[in-house]
Peer 1: 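Here's a structure for you.
Excluded from the calculations below are hydrogen atoms, water molecules and symmetry mates; all remaining heavy atoms, backbone and side chain alike, are included.
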Amino acid sequence: MVVLPVVKLGTMFLRTVCKPIANRLKKEAGIHPKFRHLITTIAQANHRFSTTIQRRIYGHSTDVAIRPLNEEKAVQAAADLIGELFVFTVAGAAIVFEVQRSSRSEARKEEQRRQEIQAIKIRNEELAAEVQLLIQKLEELEQLARLRGLSGIINFRQNHASKDIKS
């Protein structure tokens with residue numbers, strides 16, 4: 001079971017590495033002009049949505065005009081959102097991977113248990129057949145004993161013993 005600690009360490013390493021990558025994404029997001037315009041639009045929409053939700057939660061009027069964020073704050077908010085989405089996506093992928101790995105492991109264990117149960121059933125059937133055979137032989141011996149009496153059994157055993165020795 002060396003695989004389990006390696007997988008867990010790999011997952012932790014991936015989570016640790018994704019934070020600097022997310023910071024780099026945030027930094028790069030604000031530099032590119034077309035992407036900057038796109039994330040500014042997304043950040044303004046997110047700001048309007050979150051402000052409206054907050055006003056509804058606190059019972060304030062929602063028909064007031066919501067002032068847009070300035071461009072730098074919008075870029076920073078969108079970059080933070082992108083960074084958090086990246087970290088969340090990596091963590092989610094790690095969790096999905098871990099769950100799938102665990103379910104595959106459980107499936108292998110279940111298959112092994114199923115095979116062991118099948119082997120036990122086969123062995124049980126073999127033993128049952130052997131017991132039936134022994135019961136049949138015992139009944140034959142009892143029938144011979146009844147036919148020949150006690151002296152017949154003794155002679156029967158001696159005759160079979162001498163035949164086994166000769167062969």
Side-chain angles (χ1 to χ4, degrees), residues 1-30 32 35 38-39 41-43 45-50 52-54 56-57 76-167:
M1 284 298 197
V2 175
V3 175
L4 184 63
V6 172
V7 170
K8 296 244 185 229
L9 285 174
T11 303
M12 287 176 29
F13 175 76
L14 186 64
R15 287 180 187 170
T16 304
V17 168
C18 81
K19 290 186 184 202
I21 294 172
N23 290 336
R24 178 73 177 183
L25 278 174
K26 286 196 259 185
K27 184 179 176 184
E28 294 295 322
H32 194 271
F35 192 65
L38 175 69
I39 64 172
T41 306
I42 292 171
N46 184 39
H47 172 67
R48 284 190 299 276
F49 177 73
S50 63
T52 303
I53 295 297
Q54 285 178 352
R56 284 186 183 165
I57 288 172
Q76 184 62 38
D80 288 343
L81 180 64
I82 288 171
E84 291 301 318
L85 283 174
F86 179 74
V87 170
F88 179 75
T89 302
V90 169
I95 289 171
V96 167
F97 172 76
E98 183 68 24
V99 166
Q100 287 180 341
R101 187 195 62 75
S102 177
S103 67
R104 283 191 304 266
S105 174
E106 284 299 316
R108 280 192 301 269
K109 287 179 184 176
E110 184 63 30
E111 182 60 29
Q112 185 179 10
R113 282 188 287 255
R114 196 173 295 124
Q115 289 175 354
E116 288 173 358
I117 289 172
Q118 185 65 26
I120 290 171
K121 284 181 181 179
I122 290 171
R123 179 69 178 145
N124 191 21
E125 290 171 0
E126 290 172 355
L127 290 174
E130 193 174 327
V131 166
Q132 275 305 114
L133 183 64
L134 290 173
I135 289 173
Q136 184 180 8
K137 286 183 179 181
L138 182 62
E139 287 174 354
E140 288 175 7
L141 284 175
E142 287 176 349
Q143 188 177 14
L144 281 173
R146 277 189 226 117
L147 292 175
R148 295 187 177 177
L150 187 57
S151 64
I153 292 176
I154 295 171
N155 289 336
F156 176 76
R157 285 187 182 167
Q158 289 175 354
N159 287 342
H160 279 290
S162 63
K163 286 180 186 177
D164 288 339
I165 292 171
K166 289 179 183 176
S167 44

Peer 1: Give me each pair satisfying salt bridge (charged side-chain N to carboxylate O under 4.0 Å, His left out) with a member in residues 80-93, each pair once, sequence neighbours excluded.
Peer 2: Lys26-Asp80
Peer 1: How about Val96 and Gln100: do any of their side-chain heavy atoms sit closer than 4.5 Å?
Peer 2: yes
Peer 1: Any sub-3.5 Å donor-acceptor pair from Thr89's side-chain atoms to Leu85's backbone N or O?
Peer 2: yes
Peer 1: Before you tell me yes or no, could you show the steps for Arg123 and Leu127 under side-chain contact (heavy atoms from CB on, under 4.5 Å), namely the whole-Å CA-CA distance, both residues' side-chain angles and the distance that decides it to 0.1 Å?
Peer 2: CA-CA 6 Å; Arg123 179 69 178 145; Leu127 290 174; 3.6 Å; yes
Peer 1: Could you tell me which residues satisfy side-chain contact (heavy atoms from CB on, under 4.5 Å) with Ile57, sequence neighbours excluded, listed by chain and number?
Peer 2: Ile53
Peer 1: Dump the intermediate steps for salt bridge (Lys or Arg N to Asp or Glu O under 4.0 Å) on Lys137 and Glu140, then the final yes or no.
Peer 2: CA-CA 5 Å; Lys137 286 183 179 181; Glu140 288 175 7; over 6 Å; no
Peer 1: Tell me, yes or no, whether the heavy-atom count around Gln143 atom CD, taken from other residues, nucleotides or ligands under 6.0 Å, exceeds 12.
Peer 2: no
Peer 1: Under 4.5 Å between any side-chain heavy atoms of Glu130 and Glu126, yes or no?
Peer 2: no
Peer 1: Checking Arg113 against Glu110 for the salt bridge (Lys or Arg N to Asp or Glu O under 4.0 Å) test, could you report, in this order, the C-alpha distance in whole Å, the side-chain angles of both residues, the deciding distance, and whether it holds?
Peer 2: CA-CA 5 Å; Arg113 282 188 287 255; Glu110 184 63 30; 3.1 Å; yes
Peer 1: Find out whether Leu134 and Leu138 are in side-chain contact, i.e. whether some heavy atom of one side chain is under 4.5 Å from a heavy atom of the other.
Peer 2: no
Peer 1: Hey, does Arg114 have a side-chain heavy atom less than 4.5 Å from the side chain of Gln118?
Peer 2: no
Peer 1: Any sub-3.5 Å donor-acceptor pair from Thr52's side-chain atoms to Arg48's backbone N or O?
Peer 2: yes
